[in-house]
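Accompanying notes for the structure given below.
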Amino acid sequence: MNNEFYFCDARRGLASLAAQGRCVQLCYIDPPFLTGRDFGAYADRYASLEDYYDMMRAVLQGIYA
């Protein structure tokens, strides 16, 4: 077994692995914290708290899929 590391958006990366019939054994996520700020590389803004929860729910479900 080879160890592989991916640096990517968790939702896209996990979806790609699932489409290949693969899964993860360990996933480190550094989620946004809903600060409402723009950090240059990304904006930590969501239309609502529910939108933020929906995004986090999708990531966590992808990890456990």
Side-chain angles (χ1 to χ4, degrees):
M1 180 176 111
N2 294 328
N3 291 324
E4 297 178 14
F5 297 89
Y6 299 90
F7 180 75
C8 60
D9 178 272
R11 291 172 291 176
R12 283 181 270 188
L14 292 165
S16 175
L17 289 172
Q20 298 171 40
R22 301 173 65 197
C23 62
V24 296
Q25 291 181 322
L26 174 70
C27 184
Y28 171 82
I29 60 173
D30 184 13
F33 292 101
L34 193 61
T35 64
R37 296 175 52 199
D38 185 351
F39 293 99
Y42 70 95
D44 189 13
R45 294 186 184 118
Y46 294 86
S48 67
L49 187 57
E50 188 60 35
D51 286 346
Y52 176 78
Y53 288 153
D54 288 343
M55 179 277 300
M56 288 302 300
R57 187 177 300 110
V59 170
L60 294 172
Q61 287 175 337
I63 292 170
Y64 294 105

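Each residue takes its place number in the sequence, starting with 1. Predicted, not measured: the structure shown is a model, and the values here were computed from it.
- Under the 3.5 Å distance criterion, the side-chain polar atoms of D51 are left unmatched by any main-chain donor or acceptor of Y46.
- Atom CD in E4 sits 11.0 Å away from atom CD in Q25 (nearest 0.5 Å).
- The line from OH of Y42 to CZ of R37 is 9.0 Å long, rounded to the nearest 0.5 Å.
- Counting all heavy atoms, side chain and backbone alike, C8 lies closest to G13 at SG-CA, 3.6 Å.
- In this structure, OH on Y52 lies 6.5 Å from CZ on F33, to the nearest 0.5 angstrom.
- One distance of note links CZ of R11 with CE of M56; it measures 9.5 Å at 0.5 Å rounding.
- Y28 and V59 fall into different hydrophobic clusters, where Ile, Leu, Val, Met, Phe, Trp and Tyr residues are linked whenever their side-chain heavy atoms come under 4.5 Å apart, directly or through other members.
- Rounding to the nearest 0.5 Å places CZ of R45 at 8.0 Å from OG1 of T35.
- Other residues, nucleotides and ligands contribute more than 12 heavy atoms inside 6.0 Å of the OH atom of Y6.
- Using modelled atom types, no side-chain atom of D44 and backbone atom of G36 make a donor-acceptor pair closer than 3.5 Å.
- Among I63, L60, D9, the single residue meeting the side chain to side chain contact (heavy atoms under 4.5 Å, CB included) criterion with L14 is I63.
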